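Take a look at the structure below.
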Amino acid sequence: MLDRKLIRENPELVRAGAKRKGIDAPVDEFLRIDQEWRASVQQLEQKKAESNSISKSIGQLMGQGKTAEAEEAKAQTAQLKSDIKDLEPIERELEAKLHELELQFPNLPHESTPDGLTADENVEVRAWGEKPNGEFLPHQQIAEDLKIIDFAAGAKVSGSGFVVYTGLGAKLVRALVSFMLDFQTERNGYYEVYPPALVSSESLTGTGNLPKFAEDLYKTSDDLWLVPTAEVPVTNLLRDEILDGGQLPIKYAAYTPCFRREAGAAGRDTRGILRMHQFDKVELVKYVHPNESYNELELLTSDAESILQALGLHYRVLLLCAGDMGDKGCKCYDLEVWAPGEERYLEVSSCTNFEAFQSRRTNIRFRPEAGAAPEFVHILNGSGLAIPRLMVALMETYREADGGITIPEPLRRYMGVDRIEPIG
RNA sequence: GGAGAGAUGGCAGAGUGGUCGAUUGCGACGGUCUUGAAAACCGUUAAGGUGAAAGCCUUCAGGGGUUCGAAUCCCCUUCUCUCCUCCA
């Protein structure tokens, strides 16, 4: 959600920003309804003011025992009341329409976000490590040989898009969750939270998943939705609060399972565990001072990268172009880890600065200093990281000639073993 | 699932039809005093909308109703707490 004043005062700026994302924002319709709404508000409030002032005088007359005059004043309010009753639904309808429109505006790309509409126009800003040399197998074969993922069982239990991790495969999932949470809390200063995996429609509207992207989500019969990412509950954690400026930045790390219908992605990345309806992820969310948010985005990105570095995996960092980053962001870096068996990079994290887009929807503000008016915080988030694709890179990178997988040093204390041995 | 109690400003906690947007305390901020700090004392301190501004409007969980007038009365919903029942 954008600032209404910005749309009013700089409609061309808003239109141009949306256009960079390939989106046709309903600027003209917004301006028209906005004007009607404001006229309606003024009309309505004037009637209410009159009515209030008469009521007040009735109170005074009654207090003075002037009942006859009070009765007379009461009669005056009848017309006003009926006017108000007529005007109210008009105002309410215009406001609702305006709100519906404003939810359709995408966030505006930052000036440092490159132009472009497709993934081809993203810009690689840096890479870490190097592609390993040698012969590599695709992860699903490695996983099947070692019996650490049971693909058939996932399909049997739930259908396509689900797997069962077994034995040390299951333990590896758990080890990665623990390792990443410990790393982000102990080294990078995040505060750990474990939120619900079912959330309300309000929460999803706050993060911008609703109303536009309902078809990507699983909805239960109780009006609750399965979270597509921990971003949703965590971003809503401070909804409607006014924070003390001195508390910022506030940094949360959270693990949840993530559930996605992948309705628009049917047929893509169907191999192995590249794209699933359920997967595990540690998410990082920061609430920061607006002046700091671009600096904080760099820090967030490097916090996410530090996991890949600790695991010794080659990756690259892409700065997404305006059209590829989605509706909600201003600037976004993708982390892509190299999967040698797939011979391609896999997205394991998107680190995004949303500026005030989500805080305006969720009404999260801060007071810059005591006595000052509250302002919206800037909210950022990034995966730290998504587990299945990270496992793909680990399996493919660290498989050895005998078929076993060497566990990278930082994971060993969580795995309890140094290697996943081949089945012999 | 059953019974009861409750939801008020950053927090605690008054207020049961008429200058109540709301007493008070804590906290925070400003000041006096002090070499400085503490203590004490004095003062300030909700948010949103609209408007060029003065101002006006809205908000005491949310929605509806009664009334000239609702934090206050009535109805519905949600949430919290206590007890019972059940259950990882």
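In this text, all values refer to a predicted model and were calculated from it rather than measured experimentally. Here is how names work: the chains are called A, B, and so on, in the same order as the sequence lines, proteins then strands, and each is numbered from 1.
The Ser55(A) side chain lies nearest to G18(B) when the options are G18(B), U50(B), G48(B).
In this structure, the CD1 atom of Ile58(A) is 15 Å from the C1' atom of A70(B), given to the nearest Å. In this structure, Glu88(A) places its CD atom 9 Å from P of G65(B), rounding to the nearest Å. Between the C1' atom of G49(B) and the CZ atom of Arg92(A) lies a distance of 16 Å, rounded to the nearest Å. Rounded to a whole Å, the CG atom of Asp244(A) is 9 Å from the C1' atom of A28(B). Nucleotide A46(B) holds its P atom 18 Å from the CD atom of Glu375(A), rounded to whole Å. For Met1(A) and G48(B), the CE to C1' distance is 12 Å, given to the nearest whole Å. Taking atom CD on Gln35(A) and atom P on G51(B), their separation rounds to 10 Å, with Å as the unit. The interatomic distance linking Leu61(A) (CG) with G69(B) (C1') rounds to 13 Å, in whole Å.
Donor-acceptor pairing under 3.5 Å, judged by distance alone, is present between the side chain of Glu45(A) and the base of G49(B).
For the residue pair Tyr218(A)/His277(A), the side-chain donor-acceptor check at 3.5 Å is satisfied. A side-chain donor from one of Gln309(A) and Tyr315(A) sits under 3.5 Å from a side-chain acceptor of the other.
Rounded to the nearest Å, the gap between the P atom of C26(B) and that of G13(B) is 15 Å. Remark: the separation of the C1' atoms in G62(B) and U78(B) is 7 Å, to the nearest Å. A distance of about 44 Å separates the C1' atoms of C87(B) and A70(B), rounded to the whole Å. Distance noted for atom P between G69(B) and C57(B): 15 Å (whole Å). Using P as the reference atom, U72(B) and U58(B) are 15 Å apart when rounded to the nearest Å. A distance of about 14 Å separates the P atoms of G15(B) and U23(B), rounded to the whole Å. Spacing between G9(B) and A71(B) at atom C1', rounded to whole Å, works out to 12 Å. Rounded to the nearest Å, the gap between the P atom of G10(B) and that of G17(B) is 27 Å.
Ion pairing between a basic and an acidic side chain is recognised when a charged N comes within 4.0 Å of a carboxylate O; Arg15(A) and Glu12(A) show such pairing. Using a 4.0 Å cut-off between charged nitrogen and carboxylate oxygen, Arg4(A) and Glu95(A) count as a salt-bridge pair.
Annotation: of the two residues near RNA chain B, Arg38(A) and Pro374(A), the 5′-most nearest-nucleotide partner is Pro374(A). Nucleotides of RNA chain B nearest to Lys5(A) and Ala73(A) differ in position, and the one nearer the 5' end is that of Lys5(A).
Residue contacts for Ile54(A): at a heavy-atom cut-off of 4.0 Å it reaches no nucleic acid atom on any strand shown. Heavy atoms of Ala49(A) sit under 4.0 angstrom from primed sugar atoms or phosphate atoms, though from no base atom. Within the nucleic acid shown, Lys48(A) comes within 4.0 Å of sugar-phosphate atoms alone, with no base atom in reach, counting heavy atoms only.
Contact annotation: Arg367(A) does not reach the phosphate of C29(B) (side-chain N/O to OP1 or OP2, under 4.0 Å). Asn52(A) has a side-chain polar atom (N or O) that falls below the 4.0 Å cut-off from OP1 or OP2 of C57(B). Close to U67(B), at under 4.0 Å from its OP1 or OP2, lies no side-chain N or O of Lys74(A). Listed pair Arg365(A) / G10(B) fails the phosphate criterion, with no side-chain N or O lying under 4.0 Å from OP1 or OP2.
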Legend entry - Step-by-step side chain to side chain contact (heavy atoms under 4.5 Å, CB included) determination, Arg260(A) to Thr229(A): CA-CA 9 Å; Arg260(A) 300 184 180 180; Thr229(A) 156; 3.8 Å; yes
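Considering only heavy atoms from C-beta on, Met415(A) comes within 4.5 Å of Leu172(A) through its side chain.
More than 12 heavy atoms of other shown residues, nucleotides or ligands fall within 6.0 angstrom of atom CD in Glu121(A).
Counting only Watson-Crick or G-U wobble pairs whose defining distances are both under 3.5 Å, the stems of 3 or more consecutive pairs in RNA chain B are B:1-7 with B:78-84, B:10-12 with B:24-26, B:27-32 with B:40-45, B:46-50 with B:55-59, B:61-65 with B:73-77.
The salt bridge (Lys or Arg N to Asp or Glu O under 4.0 Å) check on Lys212(A) picks up Asp327(A), with sequence neighbours excluded.
With ring centers used as reference points, Phe366(A) lies 6.0 Å or more from Tyr287(A).
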